[in-house]
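Just so you know, residue 1 is the first one in the sequence shown, and it goes up from there. For ligands, and for the atoms within them, numbers begin at 1 and follow the listed sequence. No experiment lies behind these values; they were computed from the predicted model shown.
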Amino acid sequence: MSFLGSQSLTTYSLVSGVALHLFALRHGEWDQSAPTIVAWYLVITALGAGTNLIQILVGTASISRLLGWHLLGLFGSIVIYRAFFHRLRKFPGPFVAGVTAFYASYLSAKKFHKFEEVGKLHRQYGDYVRLGPRELSVADPQAVPFIYGPTAKTTKGPFYDGTQPYVSLHTDRDKKQHARRRRTWDHAFSTKALLDYEPRVSKYSAQLLSVVSQQAGRAMNVARWFNYYSFDIMGDLTFGKSFEMLVTGNDSYMLSTLHGDMQSLGPFLHVMWIIPFFKRVPGLNRSYVAFWKWLYEQVDIRSKNEPERPDIFTWILKDFRSRDQTEKDKLFLHGDAELAVVAGSDTTAATLTNLFYELANSPEFTARLQSEIDTLIEPTYREMAQLTLLNAAIDETLRLHPALPSGMQRVTPPQGVRVGDVYIPGDCLVQIPLYTLFRDERCFHQPHAFIPERWSTRPELIKDGSAYIPFGSGPFGCAGKQLALMEIRRITVDLLSRYDIALSKEQTHEAFYEGQQDVFTLVHGRGLQLVFTERIKA
Ligand code: HEM
């Protein structure tokens with residue numbers, strides 16, 4: 001005997017799926033709850049099967065069949081809604097992109113060249129492309145102030161929840177709280193604080209010089225050594241000790257874990273609901289748990305050992321100690337420790353690699369740059385900051401190869417955002433692909449060519465400089481920009497004053513470009529083989 005007819009229960013199952021989507025999942029963000037939702041499904045299914053509940057209710061209907069109808073209702077409703085009723089439906093783009101965020105993941109995973117794939121979509125569909133069900137890629141230079149500018153009404157998107165429960169300054173989505181924390185970071189990068197960091201930067205520059213002197217005349221993978229340089233500096237300025245990679249010549253635990261995670265998780269950054277599984281499911285989370293245990297140990301050691309001269313962590317600890325030191329404060333502290341190393345390393349290393357690639361391809365410009373550098377005897381940070389050609393080369397490198405090539409995710413405010421004639425509805429994800437934008441004819445003449453002079457003697461080659469934001473802009477712009485520039489200038493000056501550079505015979509342009517990987521920041525998977533030759537000065 002059955003309590004309900006099998007037919008009506010099938011209908012209820014289907015309708016329950018539709019209702020779950022329309023009245024619950026369609027509203028708000030559920031990414032962080034994904035493991036809990038899946039766990040509930042498993043529990044209910046097990047209970048239904050284990051207690052013969054279904055048999056009592058419907059006789060012959062099986063739990064798996066009803067679950068099937070429920071899921072059909074749920075996913076059917078999601079697809080129909082996204083394709084035909086969603087507020088972004090009028091924006092052009094591949095049909096699949098509008099239906100599932102896995103499309104953007106597919107673009108990311110395909111050779112890790114999302115910046116190029118998205119560029120192709122813009123050439124096909126125009127400035128506004130629907131890249132995901134709730135996501136727009138915007139390549140309109142006019143949109144920059146509305147999405148990233150100091151007075152933009154946008155907030156950071158769900159991508160930033162990827163580090164939950166650890167919330168760093170970078171991943172803090174609460175604007176007020178972020179502004180409070182940002183003041184601490186701004187102290188850590190004040191002009192005075194930077195002077196404390198200068199001797200450390202010089203020390204690691206000298207270590208890298210020593211490595212280069214041993215390998216001069218032979219092909220050398222500089223991408224690897226620039227990574228060691230930037231990571232060792234950030235280790236020193238955060239944990240009070242270098243990772244010693246410039247000395248040992250081996251990858252540290254931090255670098256290999258970070259790069260491993262970026263490779264495996266990079267493609268999932270558009271489907272953030274998957275990330276919590278990697279943190280909470282036993283077995284899957286082994287590397288995650290081990291990493292944070294290691295990080296806690298480093299923070300603990302650093303907290304008990306104050307360095308002679310203040311470092312970045314001095315400021316973060318000071319703020320932490322002035323607070324109640326609640327569990328939340330501890331999550332902030334450890335989130336910030338990770339951020340300091342992560343934000344400061346790959347970005348700087350990738351920029352150095354790209355800079356040296358461009359310089360090796362521009363011998364005439366590099367010779368002039370060397371002459372400029374030769375005017376300084378023992379260059380200080382302040383003096384290096386005045387080198388016109390050096391600064392122009394860095395700017396031009398970041399234009400052609402932005403360290404965050406696909407831009408930064410933001411959410412539009414409830415009232416939406418208007419850019420000229422285009423209205424972007426509220427509560428949508430927007431992202432400006434910096435790689436595409438910085439190579440836009442509307443912003444720069446000869447946009448694909450490396451012409452540093454556009455930033456010095458030939459400003460007419462810049463049509464719209466306001467779109468150029470390699471360090472971001474507004475309240476969430478890069479906190480460590482001046483440290484990054486100090487590191488880049490120091491090692492560039494030290495190397496170019498002693499060495500000429502050239503691509504090694506084996507290094508092709510294709511391999512260099514193919515090896516660039518977009519995993520939120522840009523990394524050089526295949527490296528860059530350069531040959532350093534001692535300079536013969538007149
Ligand atoms: C060439 C090197 C660098 C580039 C191109 C760069 C670029 C950027 C960009 C575009 C952002 C905005 C990210 C977003 O909105 O999601 C950012 C944020 C940030 N960067 Fe950098 N960065 C570089 C080096 C550094 C260094 C050396 C540090 C030192 C720790 C650093 C610390 C930070 C921090 C703390 C944030 C978060 C700021 C906030 O949310 O208020 N960066 N960076």
Side-chain angles (χ1 to χ4, degrees), residues 144 147-150 152 154-163 167-175 177-189 193-194 197 200-201 204 226-227 229-239 269 311-313 315-316 332 335-355 391 394-395 397-411 430-435 437-438 468-492 520-523:
V144 172
I147 292 179
Y148 296 134
T154 51
T155 49
K156 288 188 173 181
F159 159 80
Y160 293 87
D161 285 336
T163 61
V167 181
S168 71
L169 169 82
H170 181 229
T171 57
D172 202 326
R173 298 177 68 188
D174 178 333
K175 271 187 158 175
Q177 190 166 259
H178 174 275
R180 180 195 68 71
R181 295 175 72 184
R182 176 68 190 233
R183 282 195 286 277
T184 301
W185 280 79
D186 286 341
H187 283 305
F189 291 108
L194 281 165
Y197 310 155
R200 273 108 137 183
V201 172
Y204 296 105
F226 285 145
N227 257 302
Y229 171 67
S230 62
F231 267 87
D232 276 358
I233 293 174
M234 293 319 298
D236 189 333
L237 292 178
T238 310
F239 301 130
L269 298 179
D311 61 10
I312 297 174
F313 214 60
W315 301 93
I316 296 169
F332 283 4
D336 279 348
E338 193 220 12
L339 169 65
V341 181
V342 172
S345 302
D346 278 323
T347 44
T348 308
T351 305
L352 274 167
T353 304
N354 292 322
L355 172 64
N391 290 334
I394 296 171
D395 279 337
T397 298
L398 281 165
R399 186 186 70 77
L400 283 176
H401 312 276
L404 273 66
S406 292
M408 299 79 75
Q409 189 188 67
R410 299 289 182 262
V411 184
V430 281
Q431 194 142 350
I432 299 190
L434 300 185
Y435 180 89
L437 186 73
F438 296 172
Y468 176 69
I469 49 159
F471 289 95
S473 75
F476 307 131
C478 181
K481 177 179 174 183
Q482 292 309 326
L483 174 63
L485 292 174
M486 178 192 279
E487 293 177 36
I488 294 169
R489 289 175 184 138
R490 173 87 265 166
I491 189 64
T492 308
F520 179 56
T521 53
L522 191 75
V523 294

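In summary, the atoms of ligand 1 found under 4.0 Å from a heavy atom of A340, numbered by their order in the structure, are 30 (C). For ligand 1 and A403, the ligand atoms under 4.0 Å from any heavy atom of the residue are 5 (C). Atoms of ligand 1 found under 4.0 Å from any heavy atom of M408, numbered from 1 in the order shown, are 13 (C), 14 (C), 15 (O), 16 (O). Close approach to W185 involves these atoms of ligand 1, each under 4.0 Å from a residue heavy atom: 35 (C). Residue G477 approaches ligand 1 through these ligand atoms, each under 4.0 Å from one of its heavy atoms: 38 (C). For ligand 1, the atoms lying closer than 4.0 Å to a non-hydrogen atom of R182 are 38 (C), 39 (C), 41 (O). Close approach of ligand 1 to K156 (heavy-atom distance below 4.0 Å) involves ligand atoms 40 (O). For ligand 1 and L169, the ligand atoms under 4.0 Å from any heavy atom of the residue are 38 (C), 39 (C), 40 (O), 41 (O).
Scanning all protein heavy atoms for the shortest distance to atom 12 (C) of ligand 1 gives F476 O, 3.6 Å. Here the protein heavy atom with the shortest distance to atom 7 (C) of ligand 1 is P470 O, 3.6 Å. When hydrogens are left out, the protein atom nearest atom 29 (C) of ligand 1 is F189 CZ, 3.6 Å; that is the closest non-hydrogen contact. What sits closest to atom 6 (C) of ligand 1 on the protein, heavy atoms only, is F471 CD2, 3.6 Å. The protein atom (non-hydrogen) at minimum distance from atom 1 (C) of ligand 1 is T351 OG1, 3.4 Å. Scanning all protein heavy atoms for the shortest distance to atom 16 (O) of ligand 1 gives Y160 OH, 2.5 Å. Nearest to atom 15 (O) of ligand 1 among the protein's heavy atoms is R410 NH2, 2.9 Å. Of the protein's heavy atoms, C478 CA, 3.6 Å lies nearest to atom 18 (C) of ligand 1.
Between M234 and I312 there is a side-chain heavy-atom pair separated by less than 4.5 Å. Residues L269 and Q409 have side chains not in contact (no heavy-atom distance under 4.5 Å, counting atoms from C-beta outward). The shortest distance between side-chain heavy atoms of Y468 and D395 falls below 4.5 Å.
Looking at S168, A343, G472, it is A343 that brings a heavy atom closest to atom 25 (C) of ligand 1. Considering each of L483, T347, T521, the one bringing a non-hydrogen atom nearest atom 24 (C) of ligand 1 is T347. Considering A179, A479, G407 only, the shortest heavy-atom separation from atom 36 (C) of ligand 1 involves A479. In this comparison of G157, G344, A349, S473, the heavy atom closest to atom 27 (C) of ligand 1 sits on G344.
At least one donor-acceptor pair closer than 3.5 Å links the side chain of N354 to the backbone N or O of A350. Side chain of Y148 to main chain of I432: a donor-acceptor pair is present (N/O by atom type, distance under 3.5 Å, no hydrogens or angles). Put simply, the side chain of K156 gets close to the backbone of H170: a donor and an acceptor are under 3.5 Å apart. In terms of modelled atom types and a separation under 3.5 Å, the side chain of Q482 and the main chain of F189 share no donor-acceptor contact.
Of the heavy atoms in L339, only side-chain atoms (C-beta onward) come closer than 4.0 Å to ligand 1. With a 4.0 Å cut-off on non-hydrogen atoms, H170 touches ligand 1 through its backbone as well as its side chain.
Residue M234 places a heavy atom less than 4.0 Å from ligand 1. Residue contact check for ligand 1: H178 places a non-hydrogen atom closer than 4.0 Å to it. Residue contact annotation: R181 has no non-hydrogen atom under 4.0 Å from ligand 1. Residue Y148 places every heavy atom at 4.0 Å or more from ligand 1.
Smallest separation of non-hydrogen atoms from P475 and G149: CD-O, 4.1 Å. Nearest heavy atoms, L483 versus V201: CD1-CG2, 4.2 Å. Counting all heavy atoms, side chain and backbone alike, L355 lies closest to T492 at CD2-OG1, 3.6 Å.
Between F476 and H178, the ring planes lie perpendicular to each other; the angle is over 60°, past the 30° to 60° tilted range. Ring orientation note: the planes of F159 and F520 are tilted relative to one another, at an angle of 30° to 60°.
Exactly one residue among P470, P405, P433 makes a side-chain contact (heavy atoms from CB on, under 4.5 Å) with F438. That residue is P470.
The closest side-chain donor-acceptor pair between T348 and T351, if any, does not fall under 3.5 angstrom.
Within a 6.0 Å radius of NZ in K481, other residues, nucleotides and ligands contribute 12 heavy atoms or fewer.
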